[in-house]
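Quick note on labels: first sequence line is chain A, next is B, and so on, each numbered from 1.
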Amino acid sequence: MFTNFLYILRDYGMKTSLNEWNSLLDALELNLNEASLLEFYYTARAILVKKESDYDKFDQAFGAYFKGVEDSSTFPPDLKKWLAKAMAETMYNKDEVDAIWGNMTLEEIQKLMEQRLREQKEAHNGGTKWVGTGGQTAFGHSGYAPKGIRVGGIGHRRSALKIAEERNFRDFRDDDVLQIRQFQIALRKLRLLSNKDEAPKTELDIDETIEETCKQAGQLRIVMKRPRKNQTKLMLLMDSGGSMWAYADLCSRLFKAVNESSQFKDLKTYYFHNIFYDNLFTDPSCRWMSRINTDWVFHNIKNEYKVIIVGDASMAPSELLLKNGNIDYYRGNEESGLTWLKKLKKRYPAVIWLNPLHVKLWHYDYSSRTIGMVEETVPMFPLTVHGLEDGIKELLEKA
Amino acid sequence: MLQFQGSDTYIASEELMRSVNIAIALQKPLLIKGEPGTGKTMLAESIAENLKMGLTIWNIKSTTKAQDGLYVYDTVQRLYDSQFGTAGVEDIGKYIRLGKLGEAFQKTEKSILLIDEIDKADLEFPNDLLWELDKMEFYIPETGKTIKAQERPIVIITSNAEKELPDAFLRRCIFHYIAFPTPEMMEQIVRAHYPNLEQKLIDKALEAFYNLREIPGMSKKPGTSELLDWLQALVIGGVDPDKLKKSLPFVGVLLKKTEDLQLVGL
């Protein structure tokens, strides 16, 4: 049988289990796939893939397994290129493939491949179908697979290849297993418990129930209350790319901790590169399409939000101090980064800056001159568990 | 074999129809994900209509517990009744109320069960339903009865991807992600709902609609249902299609949030 396909799927990072594999075999038994490769493709995908972010992996694995069809010289060049790259080192047994798919005509196979290619192009333009695969391409950049970009977020016009050539980015939401518990415990201190909410009264108030029932001479009178909920709203601003790469791991840990502690009433995350100006970005790649007006953010996100900025604050002084000092020069900026930072501070009293750079290096050399300037405006703490605890104290005091 | 073909008012892509039919054939729940407004909920209605089956809808909220779908033992009512000596208090069965899942299991004909927006509930919620959805039965300890589906319902589950669903649960599902319709497909959908619209109006409205969706930073992008409502508003309001280029009349139908309205400068 074609059990190899299962292993190839797993090689490409899918967590296909025997359970699902058996379901697929069941489906074949029921002859759901009508013996066409196209039908097989969709059947297998529906049964084996469980997340839209895995569609891309499936496509890669599928391409790799059905490498035999590549021999045809009739494929369009970009398809061949795609096939060649996607299939780098995977082994296959041509006889086996032929035996199973021998009844397929070349036209059918070709049609399928063409369709995939067409769909992929359309999808990248539309930016909806391949949401979740983001910059992850079928071109071997799986090391930077930004899985799990928020679905239904911003629709970017993306071309996978182009992005691969641009700055690599990583979505901090990626599911690498890291020790995030410590951060989470620290973040718990930021809770602000309150039951002054409009939430439904779903909790039994035992004390009041006893009191009321006694007043009614033993006739039961139940009193409900609102569950206590965390009222803290948090805005996270993260420096992404450039010198921050060295700390990607650390930042991703913090990001995961913040995200997973669903204890916050609301959490907003925006990204910037080195320092922000009139635009922030809604995804870590800071691409132009995902920009969001900083004024808009200030206007719409109320000042009750606590703000945590994460960044190394190391940049050329011009980026922080000058008009048009933006590192992405073609984007320009009317007001200096420091001015924007001051605006932020004015708008949100509770703001801290977490710096992944070791404290010893903060005032060490020329490249960290900007750290001092930032520090004067926004209280800065090292991105360590202790630093986070101290920072949280600061946030709570300013509340 | 049952074959879902889409219906007059619901345009399903070929892929989606295939996934539905696979789920029916393999008797597994079909998990549907996709942006709001891509017709996830409508799908179940459309299947019910197409296959002429009954539809049970279980709307999930943040407070919904798995138990709610099975049955609720109304202990409070029983306690009240006992205080006033109401007849039948000794019969616990009288105070057992079946939930939506229980209801669907009780049906004598094959039916459809829609578990809508499963991601709204607690993280563990899907795991609590594994056995029930696998075996299509559950046990009520209070009465010692087992409720077993007489006909396995076709289960459709929708999710807005607000939360990750547990792997154990995902393994048991057939999965389909509904992509936002392409303009061509959207035109078909519009035609299915309003067969008599002027072509020009459709073209202009779709253009404006997709442009609007492209604006970055939109907190709630307009979906298919908003577009359909908007088109109706345009027809009733007698708006000249050419005007859509410059202004967006009835934009409130498309955008529901104040900040989005400000964003487009209206």
Side-chain angles (χ1 to χ4, degrees), chain A residues 15-17 19-20 23-24 26-27 30-33 39 42-43 45-55 119 122-123 126-132 148 150-157 175 199-200 202 218-220 222 227 262 280-282 288-293 296-297 299-301, chain B residues 1 14-16 18-23 25-28 30-31 33-38 61-63 76 79-80 83-84 123 160-165 167-183 210 213-221 223 257-259 262-263:
Chain A
K15 290 181 194 152
T16 311
S17 71
N19 255 335
E20 291 148 310
S23 299
L24 175 62
D26 285 347
L30 288 167
N31 205 13
L32 282 179
N33 66 326
E39 292 287 336
Y42 284 118
T43 310
R45 198 179 73 174
I47 296 173
L48 302 177
V49 182
K50 306 293 170 177
K51 292 175 192 155
E52 63 277 16
S53 55
D54 279 352
Y55 274 163
E119 276 185 6
E122 282 170 359
T128 51
K129 172 153 191 173
W130 302 86
V131 166
R150 182 193 301 274
V151 174
I154 309 301
H156 316 285
R157 285 195 181 275
D175 293 318
T202 52
Q219 189 180 334
L220 186 68
I222 284 171
S262 44
L280 285 160
F281 299 87
T282 51
W288 192 233
M289 281 306 289
S290 66
R291 72 188 184 278
I292 185 161
N293 202 294
W296 185 91
V297 171
H299 186 75
N300 284 282
I301 296 184
Chain B
M1 203 193 308
E14 209 181 316
E15 291 175 44
L16 176 57
R18 217 179 255 115
S19 299
V20 171
N21 290 325
I22 291 167
L26 291 179
Q27 305 199 326
K28 281 173 178 288
L30 175 64
L31 173 65
K33 258 203 224 174
E35 249 185 78
T38 42
K61 302 192 172 69
S62 61
T63 49
V76 176
L79 191 56
Y80 270 133
Q83 285 187 327
F84 299 109
L123 276 175
N160 281 326
E162 274 182 22
K163 294 191 185 95
E164 289 270 302
L165 299 171
D167 282 343
F169 176 78
L170 288 175
R171 271 203 293 277
R172 288 166 168 82
C173 294
I174 303 296
F175 171 74
H176 188 91
Y177 181 79
I178 304 188
F180 196 82
T182 56
Y210 278 91
R213 282 181 54 87
E214 288 287 319
I215 296 176
M218 190 81 75
S219 59
K220 165 104 182 52
K221 284 188 192 180
K257 296 201 168 177
T258 336
E259 58 252 43
Q262 282 169 356
L263 191 70

In short, A:A46 meets B:I22 closest at the heavy-atom pair CB-CD1, 4.1 Å
When the 4.5 angstrom heavy-atom criterion is applied to B:L170 and chain A, the contacting part is both
Whatever's closer than 4.5 Å to a heavy atom in chain A on B:Y210 counts as neither
One should read off an interatomic distance between B:S19 OG and A:I47 CD1, to the nearest 0.5 angstrom, of 9.0 Å
Under 4.5 Å to a heavy atom of chain A? For B:R171 that would be both
Is any side-chain heavy atom of B:F84 closer than 4.5 Å to one of A:Q219? yes
The interface call for B:F169 against chain A, heavy-atom contacts under 4.5 Å, is neither
Max heavy-atom pairs within cutoff under 4.5 Å with chain A, candidates B:H176, B:R18, B:K28, goes to B:R18
On a heavy-atom basis, the closest approach of B:D167 and A:K15 is OD2-NZ, 4.3 Å
One should read off an interatomic distance between B:I174 CD1 and A:R45 CZ, to the nearest 0.5 angstrom, of 12.5 Å
